[in-house]
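Atom set for the values below is all heavy atoms of this structure, side chains included, hydrogens, waters and symmetry mates excluded. Predicted, not measured: the structure shown is a model, and the values here were computed from it.
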Amino acid sequence: MTQKEAFVKQINEGYTSKGDSILLGAAMLEGETVGETQVKIPLKTLNRHGLIAGATGTGKTKTIQVLSEQLSSFGIPVLMMDIKGDFSGIAQPGEEKEFITERHAKINIPYITSGFPVELMTLSAQDGVRLRATISEFGPVLFSRILDLNDTQAGVMAVVFKYCDDNKMPLLDLKDIKKVLNYITEEGKDEISENYGKISTATTGTILRKIIELEQQGGDFFFGEKSFEIDDLMRIDENGKGYINILRLTDIQDKPKLFSTFMLSLLAEIYQQMPEKGDVEQPELVLFIDEAHLIFNEASKVLLDQIETIVKLIRSKGIGVYFITQNPMDIPKGVLAQLGLKIQHALRAFTANDRQAIKQTADNYPTSDYYQTDEILTSLGIGEALVTALNEKGIPTPLAATMLRAPQSRMDILADSEIEAVNSKSKLVKKYAEEVDRESAYEILNKKLEEAVQAAEEVAEEKEEEKGPSTAEVIGKSVTKVVTSASFIRGAFSVLMKLLKK
């Protein structure tokens with residue numbers, strides 16, 4: 001058996017599956033595409049999470065596009081967090097161009113253009129489906145971790161939530177939580193001290209500053225109602241294709257706190273609401289988190305532990321989470337260990353640090369008789385990647401340098417008019433457009449304080465009435481009477497004298 005025959009046998013056996021699978025492309029040997037090989041990923045293993053990594057311009061976005069298209073074709077919804085804003089073209093069919101035709105001829109896959117059902121979503125004031133959540137939905141533990149509170153501060157936050165729960169005061173947005181924090185150390189400090197213990201103003205001041213930081217990053221847009229319902233991510237269109245939900249994050253690249261807040265709240269909400277699925281034939285939903293380093297660079301140790309725990313547990317709910325970043329070293333080791341599918345595009349070795357990172361990256365992939373991993377990482381072309389996945393038995397597949405198929409949809413963004421057309425047809429845009437500001441902690445506490453002031457004024461008035469008129473008031477009234485009487489007498493005398501003269 002020749003080397004090529006042995007290579008074809010290894011790849012096709014390693015990537016064969018009994019159930020449905022996603023076809024990524026064909027394997028490469030010594031820089032040449034081997035068309036008789038097929039690199040397939042079983043749908044059954046796509047809830048085992050994954051990583052798409054590589055330097056800028058190596059084709060990561062197109063790889064995500066290919067994965068999303070095929071997931072949608074199998075009726076699997078997708079949520080794509082699009083920070084660079086270059087993913088919206090998936091709503092329109094692509095164009096058959098010469099370089100695409102040549103690529104597909106090499107990998108023996110027919111090229112068919114197609115558009116896919118899309119929802120455009122936003123955390124800010126951009127047009128699209130508004131995504132919101134309430135403070136109450138976070139709960140004291142998760143909200144404290146988002147703010148990176150220490151144990152003492154987190155304890156105060158637990159008291160805030162307990163107090164609001166006991167007094168039926170919903171915590172919906174940031175003005176609610178700020179109002180309660182001010183109240184418990186000012187007008188309501190005696191009430192809180194008696195029922196929940198004393199709270200330091202220094203502690204609440206620190207918490208307020210952290211809330212203001214989150215508010216300045218756009219938290220006031222995110223927290224509130226109408227809360228987004230997870231079921232709306234799971235939609236299938238009339239043709240049986242899963243919706244590709246694109247969360248447009250181009251305007252929050254400099255707001256990592258808001259990004260990590262949303263991502264963690266979303267994962268927590270999905271985990272809490274979705275039923276246990278066990279060993280499913282295909283995932284219920286797949287999330288692609290672009291520029292994942294924005295989450296991890298800003299996250300505290302406690303927050304990283306929370307993310308790692310949720311990623312580990314959420315796969316039993318049938319949810320797959322895929323991180324997209326330039327360097328795999330951007331992902332914490334505890335999270336990286338949870339990722340079953342790895343698609344590694346080219347890395348660039350410009351500095352000593354780059355070369356060290358490449359060696360570390362190579363160590364994360366299976367050894368191969370056909371590749372020197374650290375060398376091939378720097379020689380891959382655009383649209384080529386090292387792939388390793390899990391087969392249906394959960395065993396890692398052989399490492400395959402892969403010529404990836406091209407997206408079926410447009411490899412460019414939508415025009416403004418096309419974005420407007422997508423939004424105008426969307427049922428979700430209309431559903432979540434309305435901002436609801438029902439009575440919550442802010443209004444309830446303001447009303448309580450107004451009633452307290454009014455009650456105090458009424459008590460003061462009653463006490464004044466009980467005292468009766470003061471000595472000064474009595475003298476004043478007597479003098480007034482005397483003066484009034486004297487004036488009357490003088491007036492009467494004047495009239496009498498006038499009559500006598502007549």
What do the steps show when you test Tyr183 against Lys448 for side chain to side chain donor-acceptor pair (under 3.5 Å), and what is the final call? CA-CA 11 Å; Tyr183 177 79; Lys448 185 176 182 177; 3.2 Å; yes

If you look at every heavy atom in Pro366 and Thr388, which pair is closest and at what distance? CG-OG1, 3.6 Å

Just wondering, do Asp82 and Leu249 contact through their side chains at under 4.5 Å, heavy atoms? no

Does any non-hydrogen side-chain atom of Lys84 lie less than 4.5 Å from one of Thr61? yes

Using a 4.5 Å cut-off on heavy atoms from C-beta on, say whether the side chain of Ile90 contacts that of Ile246. yes

In this structure, CG of Asp148 is separated from CD1 of Ile146 (nearest 0.5 Å) by 10.0 Å

Check whether any side-chain heavy atom of Pro407 lies under 4.5 Å from a side-chain heavy atom of Gln70, and answer yes or no. no

Check whether more than 12 heavy atoms from other residues, nucleotides or ligands sit under 6.0 Å from atom NZ of Lys60, and answer yes or no. yes

Which heavy atom in Lys198 sits nearest to a heavy atom in Ser193, and how many Å separate them? CG-OG, 3.3 Å

Of all heavy-atom pairs linking Pro140 and Ala158, the shortest is CB-CA, 3.9 Å

Pro283 backbone acceptor or donor facing Asn47 side chain under 3.5 Å: no

Does a salt bridge link Glu119 with Arg235, judged by any charged N lying under 4.0 Å from a carboxylate O? yes

Given the options Ile324, Leu386, Leu67, Ile343 meets side chain to side chain contact (heavy atoms under 4.5 Å, CB included) only with Leu67

Just checking, any donor-acceptor pair under 3.5 angstrom between side chains of Ser409 and Glu69? yes

What I'd like to find out is whether the side chain of Ile76 reaches to under 4.5 Å of the side chain of Glu284, using heavy atoms alone. no

Between the main-chain N or O of Leu43 and the side-chain N or O of Asp20, is there a donor-acceptor pair closer than 3.5 Å? no

Can you check whether Tyr163 reaches Glu191 side chain to side chain, under 4.5 Å on heavy atoms? yes

Is Ser68 reaching over with its side chain to a backbone N or O of Gln65, donor-acceptor style, under 3.5 angstrom? no

Just checking, any donor-acceptor pair under 3.5 angstrom between side chains of Ser426 and Asn423? no

Under a 3.5 Å threshold, yes or no: a donor from one side chain and an acceptor from the other, between Tyr442 and Lys178? no

Less than 4.0 Å between a side-chain N and a carboxylate O, is that true for Lys175 and Asp220? no

Under the 3.5 angstrom rule, does the side chain of Asn327 hit a backbone N or O of Asp330 as a donor-acceptor pair? no

Sub-4.5 Å side-chain heavy-atom contact between Arg315 and Arg48: yes

Value for CG (Leu181) from CD (Glu186), rounded to nearest 0.5 Å, stands at 10.5 Å

Is Arg130 positioned over the aromatic face of Tyr432, cation under 6.0 angstrom from the ring centre and no more than 45 degrees off axis? no

Determine, stepwise, if the pair Asn391 / Thr45 fulfils side-chain contact (heavy atoms from CB on, under 4.5 Å). CA-CA 7 Å; Asn391 66 20; Thr45 66; over 6 Å; no

Are Thr122 and Asp127 packed together at the side-chain level, in the sense that at least one heavy-atom pair is separated by less than 4.5 angstrom? no

Could you walk me through whether Tyr243 and Phe116 satisfy the ring-ring contact (aromatic ring centres under 6.0 Å, His included) test, starting with their C-alpha distance in whole Å, then the side-chain angles of each, then the deciding distance to 0.1 Å, before giving a yes or no? CA-CA 7 Å; Tyr243 266 87; Phe116 294 83; over 10 Å; no

When you measure from the side chain of Lys317 to the backbone of Met274, do you find a donor-acceptor pair of N or O atoms at a distance under 3.5 Å? yes

When every non-hydrogen atom of Ser114 is compared with those of Lys241, the smallest separation belongs to OG-NZ, 3.2 Å

Quick one: do Arg410 and Glu418 satisfy salt bridge (charged side-chain N to carboxylate O under 4.0 Å, His left out)? Show the steps, please. CA-CA 13 Å; Arg410 183 191 295 176; Glu418 292 172 318; 2.8 Å; yes

Output the distance between atom CG (Leu313) and atom CD (Gln338), rounded to the nearest 0.5 Å. 9.0 Å

Donor-acceptor contact below 3.5 Å, side chain Ser424 vs main chain Ala421: yes

Has the side chain of Thr203 got a donor or acceptor atom that lies under 3.5 Å from a matching backbone atom of Gln153? no

So among Thr397, Leu390, Val387, which one has a side chain to side chain contact (heavy atoms under 4.5 Å, CB included) with Leu341? Val387

What distance do Leu339 atom CG and Ile331 atom CD1 have between them, rounded to the nearest 0.5 Å? 7.0 Å

With Phe87 as reference, evaluate Ile244, Ile413, Asp290 under the side chain to side chain contact (heavy atoms under 4.5 Å, CB included) test and give the passing residue. Ile244

Less than 6.0 angstrom from the centroid, inside 45 degrees of the normal: does Lys162 satisfy that with respect to the ring of Tyr196? no

Show the nearest heavy-atom pair for residues Ile444 and Pro170, with the distance to one decimal. CD1-CD, 4.1 Å

Supply the atom-to-atom distance Tyr365 OH to Lys342 NZ, rounded to the nearest 0.5 angstrom. 6.5 Å

Measure from the side-chain N and O atoms of Gln92 to the backbone N and O of Gly89, and report whether any donor-acceptor pair falls under 3.5 Å. no

So does Gly340 get a backbone contact from the side chain of His49, meaning a donor-acceptor N/O pair under 3.5 Å? no

Please lay out, stage by stage, how Glu137 and Ser227 fare under the test side-chain contact (heavy atoms from CB on, under 4.5 Å). CA-CA 9 Å; Glu137 287 168 339; Ser227 292; 3.0 Å; yes

Does a sphere of radius 6.0 Å around NZ in Lys189 hold more than 12 heavy atoms from other residues, nucleotides or ligands, not counting ones at 6.0 Å or beyond? no

Salt bridge (charged side-chain N to carboxylate O under 4.0 Å, His left out) evaluation trace for Lys431 with Asp232: CA-CA 10 Å; Lys431 177 177 178 178; Asp232 284 330; 2.9 Å; yes

Euclidean distance, Leu404 CG relative to Ile382 CD1, rounded to 0.5 Å: 12.5 Å

Could you go through the side-chain contact (heavy atoms from CB on, under 4.5 Å) check for Ile135 and Phe161 one step at a time? CA-CA 9 Å; Ile135 301 287; Phe161 275 77; 3.6 Å; yes

List the steps and the verdict of side-chain contact (heavy atoms from CB on, under 4.5 Å) for Thr325 and Glu291. CA-CA 5 Å; Thr325 188; Glu291 302 293 334; 5.9 Å; no

If you count every heavy atom of other residues, nucleotides or ligands that lies below 6.0 Å from Asp363 atom CG, does the total exceed 12? yes

Please check if any side-chain donor atom of Thr113 sits under 3.5 Å from a side-chain acceptor atom of Gln408, or the reverse. no

Can we say Glu443 and Lys179 salt-bridge, meaning some charged N sits less than 4.0 Å from an Asp/Glu carboxylate O? no

Could you report the tightest heavy-atom contact between Thr204 and Ile199, atom names first, then the distance? CG2-CG2, 3.6 Å

Do any N or O atoms from the side chain of Ser440 and from the backbone of Leu172 form a donor-acceptor pair under 3.5 angstrom? no

